[in-house]
Amino acid sequence: MIVIYMVIMAILIAFLGLGTSKNLIKSIMFLNLLQANIILLFISFSYKADTIPPIMPGTIERMTDPMPQALMITAIVIGASVTALALMFSIKIFHHFGTLDWDLIKKRMD
Amino acid sequence: MEKLLYTLIFLPIVLGVFIYLVNSVKLYRWIYLAEAVVMVITLQLLGAVKKGIVLYEVIGGWEPFIGIGLKFDALSATFIILATFLFTVILIFIYQSKDHDFKFLFFVLLLQGTFNGFVLSDDIFNIFVMLELITIISTILIIYKKDAHSLKAGIYYLLFNTVGMMIYLIGVIILYLRFGTLNLSLMAELVTATGMDDTVRIGVILMVSAFGVKSAVFPVYDWLPKAHSAAITSISALLSGLLVKTGIIGLMKLTSVFKIFDFSGLFYLLGIFTALMGVVFAFSQKDIKQILSFHTVSQIGLIMIAFSINIDMALLYLVSHSLIKSLLFLGSGIVINQYKERRVDKIRGLWENDSLLSVFLIIGTFALAGIPFTSGYIAKSAMGMNLPLWQLLPLVLVNSLTAGSMFKILQILGSHQPVKVDVKTSKYVAMGFLSLAIFFLGTLFPDYQSMTRDLWYYFKPMNLVKTSFEVLLGITWFFAFGIHEKALMKKMRHFSLSFDNGIVLLVFFVLSLVVFI
């Protein structure tokens, strides 16, 4: 149960960070924090104490729900690709503007 | 029959991958064949659905409550037909230009397949995956020019929409824990059996707010004008015509499941704020593409208002706006490329340089302002006839400001400014198709599904008076504020949110929706 409270705290921290950080890399990192904690939230919500993976025969009574894991693997892949793309673009942005600060980027645009 | 649904998704994707691997644009003509095949299959399936056959396929043959469902009904058929038409037009548009190297074609075809997949999918997690894919691919297409402007707009678009989709994911988790399934059709049965409680309500409202981010409603609209005006011509048309509607399509899917929940008040409020803010900002702009992108924001608001009446009205307005906005973006993109200038007060003499292009721009602007015999008139008057008077009055203001800023665009036609114009024929062909479709919707095909009425139903004296009043008021706005700008308008023109303030507004938006219910 304590995990869930910590995860919710981390989600709030991630939103706080996204709403205050002025640096592009920091924004991407807080987005990553948000994604990781939402995934952890789902996993810890669907965790039940005395269950086992449904692999061996005869485990069907005590099996754990495999759906959250299957979904969250997909979410992790999407998160990784978004992060990779965003980091690649931030390299390009650094080459163009010489900075990664949102305000400075805006200023140098005009 | 159900297996044909895979063709709609995978035919464009496979062709795109093939073009990428063969590394040649010589296969370009085969794309039109593929588009025609997709169109024919969709029409065939639509015929089957009209006869009462249920087209439902679960990928991999699993049980519906664990597998990914694909659902084909009249709603998704409409969107696939619209998407195929728009993609074909865009592909005709770029046929003779330098834009169509094989990588570009690969991404465009991938986008089409993903969009069809999104429209067909009947599973809330699959909708999340498809929306994220659409975001990633359209980011790559926005940044395709690789200049400073589009890079900044693209990264803003990517990060902002991803944060929005994370909120959607929280909603998915809540609904899965409550219902034990992700399938929308099964969820609809469960909801009618058990009713709504607070958990479901919060889950649904988180998903609604994520779709709101995706379709750029009032406090979270700021990514749209940036991205849509920074992209290259064909991609701006695609983004504004089709992809910004993914949020509305998602809302249509949700509302058809959670019927007990009354969304109409919420949609009216969101819509009226979005429409007013969008149109006021649009009127203060001077860059053609910025005017058009802010108009997309305000038209999204109008679609939401139409949605608060019923879903058919929203569909009518959505299809009409897709055609009009694509035409306008294509036309203004050509103007910008020829004049190497984006400001409406610097471009002059388009009529004497290229009268055919001017005709297309006139058709587009008139349709957006709602002049009779265009699809915009039908959509606007159908909406006006179904709203009470106090709800209609803000709409008259919005429509008159729309007409006013359309005159702002049309001022580029007059006067003299010699520029050597060299436009390829295929671009005119593409815009011709779009204009024909606008007139087709506006004259021969004014009814959609349940609204079986003839054209003259919309020509009530009341509507004509309303339209002419709006246009006259628009001309007044134009002459009062459009030519000599006031200090306030200059301030508004340069107003834009930074990323962190945008996120603060997003959180505020989500929280206020949660409190609202």
Side-chain angles (χ1 to χ4, degrees), chain A residues 8 11-12 14-24 26-28 30-39 41-43 45-46 65-68 70-72 74-75 77-79 81-97 100-103 105-106 108-110, chain B residues 65-66 123-126 128-133 135-137 139-140 142-143 146-163 165-174 176-177 180-182 226 230 494 496-508 510-511:
Chain A
I8 290 175
I11 289 177
L12 294 180
F15 272 117
L16 193 68
L18 280 169
T20 52
S21 62
K22 291 278 177 198
N23 190 299
L24 182 51
K26 277 187 193 166
S27 297
I28 296 171
F30 277 116
L31 181 62
N32 246 319
L33 186 71
L34 181 62
Q35 280 171 335
N37 280 290
I38 287 172
I39 289 161
L41 181 73
F42 197 8
I43 299 289
F45 262 133
S46 57
D65 184 4
M67 192 76 121
L71 299 183
M72 287 306 114
T74 320
V77 172
I78 290 172
S81 48
V82 168
T83 312
L85 199 66
L87 286 176
M88 197 272 278
F89 289 148
S90 45
I91 296 173
K92 286 265 176 202
I93 283 183
F94 190 76
H95 285 169
H96 271 277
F97 294 99
L100 285 172
D101 190 288
W102 284 108
D103 291 345
I105 291 173
K106 193 174 155 192
R108 288 183 194 179
M109 185 84 104
D110 300 330
Chain B
F65 69 96
I66 37 176
D123 175 294
I124 46 176
F125 190 75
N126 202 36
F128 166 76
V129 175
M130 289 300 173
L131 280 178
E132 277 293 79
L133 255 177
T135 308
I136 290 173
I137 299 169
T139 310
I140 295 172
I142 290 169
I143 303 192
K146 293 200 193 81
D147 63 346
H149 201 75
S150 60
L151 270 171
K152 182 180 170 259
I155 191 117
Y156 194 101
Y157 175 85
L158 177 70
L159 293 182
F160 202 82
N161 276 291
T162 311
V163 176
M165 287 324 284
M166 287 301 120
I167 291 165
Y168 180 86
L169 195 55
I170 300 176
V172 170
I173 294 171
I174 292 173
Y176 178 74
L177 292 174
T181 179
L182 295 164
K226 286 187 169 82
H494 294 292
S496 84
L497 283 169
S498 62
F499 181 73
D500 45 339
N501 293 342
I503 296 289
V504 172
L505 273 182
L506 196 159
V507 173
F508 171 73
V510 174
L511 288 182

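Atoms considered below: every heavy atom in the structure, side chains included; atoms not considered: hydrogens, waters and symmetry mates. Nothing here was measured: the structure is a model prediction, and the numbers come from that model. Chain letters run A, B, ... following the sequence lines, proteins first, then strands; residues in each count from 1.
With a 4.5 angstrom heavy-atom cutoff, B:Leu177 touches chain A only via side-chain atoms. Residue B:Val163 touches chain A through both its backbone and its side chain, counting heavy-atom pairs closer than 4.5 Å. Looking at A:Ala14, neither its backbone nor its side chain comes within 4.5 Å of chain B, counting heavy atoms on both sides. Only the side chain of B:Leu158 comes within contact range of chain A, with heavy atoms under 4.5 Å apart. Heavy atoms of B:Phe65 lying under 4.5 Å from chain A belong exclusively to its backbone. Residue contact with chain B, scored on non-hydrogen atoms closer than 4.5 Å, involves the backbone and the side chain of A:Phe42 alike. Interface remark: A:Leu31 contributes side-chain atoms only to the contact with chain B (heavy atom separation under 4.5 Å).
Residues B:Thr139 and B:Tyr157 come closest through the heavy atom pair OG1-CD2, 3.5 Å. Contact detail for A:Leu16 and A:Thr20: the closest heavy-atom pair is O-OG1, 2.8 Å. The two atoms that bring A:Phe97 and B:Ala148 nearest to each other are CZ-CB, 3.7 Å, heavy atoms only. Across all their heavy atoms, B:Ile167 and A:Phe15 have their closest contact at CG1-CZ, 4.0 Å.
Your options are A:Ile93, A:Leu71, A:Val77, and the one with the most heavy-atom pairs under 4.5 Å with chain B is A:Leu71. The greatest number of non-hydrogen atom pairs below 4.5 Å with chain B, out of A:Pro66, A:Gly19, A:Ser27, is found for A:Gly19. By number of non-hydrogen pairs under 4.5 angstrom with chain A, the leading residue of B:Phe499, B:Phe128, B:Tyr156 is B:Phe499. No other option in B:His149, B:Glu132, B:Met165 has as many heavy-atom pairs under 4.5 Å with chain A as B:His149. Here B:Ile143 is the residue among B:Leu505, B:Asn501, B:Ile143 with the most heavy-atom pairs under 4.5 Å with chain A. When the candidates B:Leu182, B:Leu151, B:Leu159 are compared by the number of heavy-atom contacts under 4.5 Å with chain A, B:Leu151 comes out ahead.
Of the options A:Lys26, A:Lys22, A:Lys106, a salt bridge (charged side-chain N to carboxylate O under 4.0 Å, His left out) to B:Asp500 is made by A:Lys22 and by none of the others.
Within the 4.5 Å cutoff, the side chain of A:Phe45 has no heavy atoms near those of the A:Pro68 side chain. Using a 4.5 Å heavy-atom threshold, the side chains of B:Ile155 and A:Trp102 count as touching. Contact check for A:Ser90 versus A:Leu24: side-chain heavy atoms found under the 4.5 Å cut-off.
For NZ of B:Lys146, the number of neighbouring non-hydrogen atoms (other residues, nucleotides, ligands) closer than 6.0 Å is 12 at most.
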